[in-house]
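Heads up, the thing below is written out as structure tokens.
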Amino acid sequence: MIAKPAIPDVLREPGPGIGKPLSRVDGPLKVTGQARYAAEFNVPGLVHGYIVSSTITKGRITRIDTAAALRRPGVLHVFTHENRPHVAWFDRKWKDEDAPSGSPFRPLYDDRIVHAMQPVALVVAETFEAAREGARLVQVEYEAEPHETDLAARRHEAFTPGKEKGGFEPPPKPRGDPDRALAEAAVKVDVEYVQPTEHHNPMEMHGSTVVYNDDGTLTVHDKTQGAPNSHSWVCSVFGLSKSAVRVISPFVGGAFGSGLRPQHQLFMAVMAALQLKRSVRVELSRPQMFTFGHRPPTIQRVALGAAPDGTLQAMIHEAVQESSQFENYVEIVVNWSGQQYRCDNVRLDYKLARLDVFTPLDMRAPGAATGVPAIEMAMDELAHALRMDPVELRLRNYTDRDPNQDKPFSSKELRACFAQGAERFGWSRRNPQPRSMREGRQLIGWGVASGVWDAMQGQADARATLGIDGHLVVASATADIGTGTYTVMSQIAAGTLGLPIGNVTFKLGDSALPMAPIEGGSWTVSSVGSAVLAACERVRGRLYKLAAKMEGAPLGKAKPADMVLTDGHVALAADPARRVPIAEVMRSGGVLAIEEEARSVPYYVKRAQHTLATHSAVFAEVRVDEDLGTVQVSRIVSAVAAGRIINPKTAGSQVMGGVVMGIGMALEEETFMDHGLGRYMNHDLAEYHVPVNADIGSIDVIFVDEHDEVVNPLGAKGVGEIGIVGVPAAIANAVFHATGVRVRELPITLDKVLAGLSRRSAA
Ligand code: MOS
């Protein structure tokens with residue numbers, strides 16, 4: 001048995017900052033250009049690398065001629081598989097923190113080409129321009145082999161992956177007799193949904209500036225979601241001692257998952273720096289941002305059967321998803337369906353198909369952003385077939401236990417999400433009939449869907465140092481990829497020690513700081529926040545002990561348990577007017593600083609007894625031009641249950657950003673593959689469409705109250721990913737409600753809407 005942890009003061013009594021809509025503490029640095037990113041560090045003698053990308057998709061390099069490139073003034077060296085230095089990686093199978101099972105891609109390893117635009121050479125020159133021109137002068141000849149990049153062509157050769165990596169749960173065993181229950185159901189849907197490849201496309205491209213120090217050590221400025229991950233990877237790959245490398249990454253210009261694995265520019269830059277004994281920068285071009293991982297395309301069948309009153313009787317959800325030839329990239333895609341709804345006859349199935357592409361990579365809400373839209377669109381189709389309100393259908397099949405694992409949820413306020421979201425949206429005024437709402441040429445539709453994401457936690461360390469001047473420095477090697485980590489960690493620290501937020505500095509993005517996991521999976525507040533809380537609680541404990549021993553006993557006979565920290569003072573809980581300034585407590589104890597480090601670990605036992613998840617209810621209004629087929633999302637209301645919200649402003653921005661990305665997923669984002677060439681064709685931001693300001697209407701975020709004592713001492717579940725999950729289905733369902741046209745292939749572009757409208761009018 002693990003003892004029930006005491007409820008920390010931050011929960012009982014929000015201190016300064018906790019739960020307050022504080023603006024980003026790093027905001028001024030960012031808007032004034034003082035925040036520097038990985039490719040912005042300049043040191044004397046810095047040289048530049050530019051990557052040459054393969055022009056074939058599969059085969060081998062038969063000849064590589066670097067003579068012309070080397071003649072270009074300024075070019076120093078051209079690295080290829082023929083002359084690359086021997087590095088430790090090529091002896092060992094080292095995996096990064098987010099590596100799937102399989103054999104990781106090794107740049108410049110040999111003459112094999114396994115995906116389009118594979119890096120085949122690195123040109124290093126005195127200037128970026130010389131390196132880029134040199135890259136154009138490298139002549140590569142290939143022997144091409146036939147490739148396959150079309151998921152539909154391989155779907156029948158798909159295989160069932162095993163338990164591939166941490167966090168991946170294979171689908172649960174089937175329950176009941178789903179095929180028979182489906183056959184016998186009074187009302188049913190049995191349909192297929194298709195989702196495309198998507199790429200992350202953060203504003204900041206991946207770059208690494210490797211500073212070669214005089215003593216031969218490396219200071220690496222890397223774009224990453226985990227400085228410790230890049231650090232241990234570089235040390236292992238190049239056989240360097242931990243102290244010979246330091247990875248620094250205090251600012252990251254967006255990532256969405258692209259920085260969860262060290263990308264190949266890091267390998268290239270470190271290799272070149274070690275060989276040339278120079279400081280080297282390598283930055284990927286925007287097209288090269290499409291070469292190292294993506295949200296994989298997926299084909300899904302969803303079959304649902306229900307009784308006339310809406311009770312679910314059968315659920316079948318089968319997904320086939322792309323992976324590469326060299327790694328088994330897996331997501332949880334179908335499991336959510338069996339978790340969200342009560343149903344006795346369920347089969348969930350997930351398979352991978354090997355294609356000649358780079359291995360896919362986690363992208364915001366990996367798996368949930370793929371599988372949940374399918375089940376939530378199917379639920380809408382079922383509601384329509386039943387002539388039932390889609391919110392009502394979801395509530396009829398609501399479950400307070402996770403049917404997959406037969407466990408209670410640690411907390412699940414999804415009912416409140418539906419109620420508050422519907423109220424804010426005005427859902428009760430919806431006419432259920434498709435095409436029943438119109439303004440001129442615009443058909444108006446209202447759709448709903450729910451969302452779910454895991455509430456995960458990893459082990460993390462943090463260090464808190466309180467100076468006698470009242471300034472607190474808290475440090476952990478975590479990242480802030482734009483999510484607000486600096487801000488919420490400062491709030492947790494300030495709240496725990498009763499200090500003004502201005503007295504707190506939070507340091508992150510440095511492999512020399514106390515260990516933290518990669519920032520991903522919406523688990524940073526849960527993991528690192530709990531460590532910050534624990535470290536600050538230790539500092540607080542030391543202060544209380546010092547206060548109890550003070551000369552003259554200003555707090556009487558008070559024991560630590562009788563004290564609180566407030567407003568820079570140690571005070572009596574029962575009589576806060578009796579208090580002593582923190583500085584005086586420290587002075588009387590003869591200490592100039594109090595430093596404590598703490599490690600937080602999840603409540604493993606309690607967690608194992610529960611299913612932990614965030615939930616949302618998303619309501620969408622679309623306007624569809626009947627003649628042009630264009631879809632505009634005029635309103636979104638997203639009601640989210642994510643436990644305690646440390647900062648409603650940054651958390652609200654996370655959900656809002658997720659909604660914007662969900663709008664992109666529903667209507668715009670798609671990486672087009674020319675299967676003849678096996679290449680992505682729209683690998684730039686002109687043709688890879690993401691929402692712009694004009695695409696976005698009103699976005700209203702609600703956080704419903706949710707209390708959770710299982711998830712972590714903060715009661716906070718994390719909000720980085722839940723925002724996107726329900727959005728694509730809510731929009732797709734709204735498009736159906738507006739037009740009577742069901743588009744089952746994302747994104748819902750105007751050609752698909754128009755084709756549906758003309759089929760409709762022909763029928
Ligand atoms: Mo996210 S895909 O966990 O960075």
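In listed order, ligands and their atoms are each counted from 1.
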Which heavy atom in W453 sits nearest to a heavy atom in E721, and how many Å separate them?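 For W453 and E721, the tightest heavy-atom pair comes out as NE1-OE1, 3.1 Å.
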So, for P171 and V334, which heavy atoms are closest and what is the spacing to 0.1 Å?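 So the minimum-distance heavy-atom pair works out to CG-CG2, 3.8 Å.
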Ignoring angles and geometry beyond distance, decide whether [X] reaches within less than 3.5 Å of ligand 1 through its nitrogen or oxygen atoms.
| X | result |
| --- | --- |
| S522 | no |
| A365 | no |
| R364 | no |
| G521 | yes |

First locate atom CG of L513, then atom CZ of R246, and finally report the distance between them rounded to the nearest 0.5 Å.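 Going from the CG atom of L513 to the CZ atom of R246 covers 7.0 Å.
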May I ask you to list the atoms of ligand 1 that are less than 4.0 angstrom from any heavy atom of [X]?
| X | value |
| --- | --- |
| D362 | 2 (S) |
| M363 | 2 (S) |
| P366 | 2 (S) |
| G257 | 2 (S), 4 (O) |
| F256 | 2 (S), 4 (O) |

Applying side-chain hydrogen bond (donor to acceptor under 3.5 Å, both in side chains), run through D362 and Y329 and close with a yes or a no. CA-CA 9 Å; D362 292 323; Y329 172 81; 2.9 Å; yes
Is it true that D96 and R261 have a side-chain N and a carboxylate O under 4.0 angstrom from each other?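 Yes, this pair counts.
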Before accepting this row, confirm whether a basic side-chain N of the pair D684/R286 lies closer than 4.0 Å to the acidic partner's carboxylate O.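 No, this pair does not count.
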Tell me whether K407 at atom NZ has more than 12 heavy atoms from other residues, nucleotides or ligands lying less than 6.0 Å away.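 Counting neighbours around NZ of K407, more than 12 heavy atoms of other residues, nucleotides or ligands fall under 6.0 Å, so yes.
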Return the closest protein heavy atom for atom 1 (Mo) of ligand 1 as residue, atom name and distance.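 Protein heavy atom with the smallest distance to atom 1 (Mo) of ligand 1: E721 OE2, 3.4 Å.
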Which residue and atom name correspond to the protein heavy atom nearest atom 4 (O) of ligand 1, and how close is it?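 That would be Q225 NE2, 2.8 Å.
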Aromatic F41 / basic R281 pairing, under 6.0 angstrom, 45° off normal: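 Not flagged: R281 not positioned over aromatic ring of F41.
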Residue portion contacting ligand 1 (non-hydrogen atoms closer than 4.0 Å) for L260: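 Near ligand 1, L260 shows its side chain, while the N, CA, C and O stay back.
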